Number of protein chains: 4
Amino acid sequence: MSTGSAPHHRLSDKVPRTERGRRTLRKLLDAAAIEFGERGFHEASITGITRRAGTALGSFYTYFHSKDEIFRALVSDLSGKVREAAKSALAEDHAALETERMALEAFLHFAREHKEIYRIIDEAEFVDPTSFRAHYETTASRIHARLLAGAEKGELREGLDEAHAWAIMGMNVFLGLRYAVWSEDTAPERVAELANEILRHGIAREG
Amino acid sequence: MSTGSAPHHRLSDKVPRTERGRRTLRKLLDAAAIEFGERGFHEASITGITRRAGTALGSFYTYFHSKDEIFRALVSDLSGKVREAAKSALAEDHAALETERMALEAFLHFAREHKEIYRIIDEAEFVDPTSFRAHYETTASRIHARLLAGAEKGELREGLDEAHAWAIMGMNVFLGLRYAVWSEDTAPERVAELANEILRHGIAREG
Amino acid sequence: MSTGSAPHHRLSDKVPRTERGRRTLRKLLDAAAIEFGERGFHEASITGITRRAGTALGSFYTYFHSKDEIFRALVSDLSGKVREAAKSALAEDHAALETERMALEAFLHFAREHKEIYRIIDEAEFVDPTSFRAHYETTASRIHARLLAGAEKGELREGLDEAHAWAIMGMNVFLGLRYAVWSEDTAPERVAELANEILRHGIAREG
Amino acid sequence: MSTGSAPHHRLSDKVPRTERGRRTLRKLLDAAAIEFGERGFHEASITGITRRAGTALGSFYTYFHSKDEIFRALVSDLSGKVREAAKSALAEDHAALETERMALEAFLHFAREHKEIYRIIDEAEFVDPTSFRAHYETTASRIHARLLAGAEKGELREGLDEAHAWAIMGMNVFLGLRYAVWSEDTAPERVAELANEILRHGIAREG
DNA sequence: GATGAATGAGGATTCATTCAT
DNA sequence: TATGAATGAATCCTCATTCAT
């Protein structure tokens, strides 16, 4: 999981025609987010989802073809939400490093509120590698683009590579795991500031 | 997964009394590493493991009580191997930043050779959260200790926090995922150098 | 197994909502009575039950959580049937000793018709001790109550103890085992008469 | 289980030649009595027996061909012990009814001391019906013979049938279950006396 | 005789998916 | 659309028995 922007749709292939159908679909997706988040993909069951959604087992298959499909739909849905969350931070025009700081901070806040999302996207690595890779590659590209833009503006150094973007994304993801999902013992602001420090001037003693 | 040091033993609860038993146990662990690495914990089957090991199904249960147990034994075993790999890099007394560079480089080489290990340890997050957390917390502590030692020596700045260690670990893990497991399109030396650059002076344009 | 009265319900936890479901549940219980009766609890298999019932293996688990559960449901069901069988004998108001004779006779007839029930309830001693004890304790109480009522009416002697009830129940059960389940070489009427003789005036030479 | 007399041997087919072998065989039988008594035939395991006996798994098969065989050997062994226990009571020449009282009393004492034996013999009904039937048929014959002898002596009434013997045996077994195995809340002397009362003059109010 | 590793048939249970109403 | 019963492939695990040392 990590930081990014730009929406994403197509929750499911079958779009409900009636209002009632739309409600059922939403109930199923919400229930699935909870079920998958609490039990993980393999432990989760369709029965568990429909029980939480308050629908009959059979109704599930009116909206999704399989367990995999709803999982994918969910990852896609949540992946969008994560980007959405970072959006605000990126909307305004800030200095390059400030943008990164804000993005991480927004991400940490979001992760605190949606711990289950974190788990679901992470588990996609094993359940649906394609969308997992897509999620991170998209995110890395987005970060890389920002770095290049920052260099363009003269705020960041030249020669920033895709690897730099991956390094930043890795930092963000692990800080989210440690300081948002596992424990909230440190304020997002402080964590984001410490990470930003690294980006500003590394960790070497300043000469 | 990531960088660290210090051994670790106790592969399984039942220690074989005979040489033949010892061989069988080793065959099972090796087979399990492949099976879990290729298919993931849930898709993997005991049958698959014993088939690869060339033993009877029942023999599995002579050495392990359950699928979970062998998985845990494996994580513990591999977790040790990862640290072992980084060890050489840390043995000699290098400058602090140089040490980090070498550790990452060793780690990337190791991950290329043992892609399945990467996957197994990552999946532990869902199968055996306890050892997963333990693995990363131990690793982060080890990194943090190195940072403090570096500051002590006057090579790194003061006030380096546990969060800095997590940030570095995250960088390393994601770079391993991208440049060792997913693709080998960039040399470990170069990736390690790019990451080290960040630690040396951040990504801001030097003023 | 033995003699008693009073109904009993709740065959299974999952009550079918449809008629079809009700039919399947009944087929499973009937098949289980045969399977357990013929092969005993441990030799019996769920597959054997569903094969006899003509349903798919999985359907079993729509109605029962486990092999134990259906066994318990069955014991409870059959336990009720045994009492039901004795009921007719006890309905009318007969002399105390005559009541005991009729109860035993009815029980012997019933046991001849339902030999498998005999075996199932007996095996409950090992499979489900709780319901086994409950069955016999209930039965003994019922007998004891009849003895006290008989004494009250002046037909039976004073001071009849719970132990007397257990003695009578033991007689009945073993006579059922020998003359209903193992062999039908003697008419229930005659067996009941011989046993009743003991209750009437013991086995000592009258003098 | 119940009351009787006359020895019985042949514990196992393979008679050990050495002293060491004899000890191992005895250890296995004792361990089996505990294992079967505590866990029942099906739950009991050969491993459990050898663990308790302190021998290697393989050693079991030096003395017994199968789990069934040791169970049968045990039932036979214990069946003999039960008769042995009643023997003392029957040795001296008492009045017929007094003999029955003493036999039951001895049996109750024995059952209190050897609850596990009770369970093992009972379970034989399902595991080894042949020896189970043999045990009870032998016991019933023995009782019947005593009844006929008592009639011969003029102490018991004429026409005492095999069914009377079964009734008495049933009484004894159930009183043993209730007042020796399940609870010891009533003294064996009293229980035996109450049962004997029935044999002396039934339960009807004396005219 | 003793030891303990190896074997594999057997069975309970789960649950995604299909289908009849 | 909604419902819930029916289906059966898939898999873990047990343990009596055999075998090599």
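So that the names make sense, note that chain A is the first sequence line, chain B the second, and so on, each numbered from 1. Source: prediction; values computed, not measured.
- We find that OH of D:Y63 is positioned 18 Å from P of F:dT18, with the value rounded to whole Å.
- Of the candidates E:dA6, E:dT14, E:dT7, the closest approach to any side-chain atom of B:T24 belongs to E:dA6.
- Atom pair A:I46:CD1 and E:dT18:P shows a separation of 11 Å (rounding to whole Å applied).
- One atom, CG of D:L57, and another, P of E:dT7, lie 15 Å apart when rounded to the nearest Å.
- Note: C:F36 and C:F71 have perpendicular aromatic rings, judged against thresholds of 30 and 60 degrees for the angle between ring planes.
- If you measure from atom OH of B:Y61 to atom P of E:dT7, you get 15 Å, rounded to the nearest angstrom.
- At the heavy-atom level, D:G21 lies nowhere under 4.0 Å from the strands shown.
- For the pair C:R51 CZ and F:dT7 P, the interatomic distance rounds to 15 Å; values are reported in whole Å.
- Sequence order on DNA chain F of the closest nucleotides to B:D68 and C:S59 puts C:S59 first from the 5' end.
- Atom pair A:L28:CG and F:dT1:C1' shows a separation of 13 Å (rounding to whole Å applied).
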Intra- and inter-strand pairs of DNA chain E in dot-bracket (Watson-Crick or G-U wobble, both distances under 3.5 Å; | for another strand): .||||||||||||||||||||

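- Here E:dT17 presents its C1' atom at 13 Å from CD of A:E69, a figure rounded to the nearest Å.
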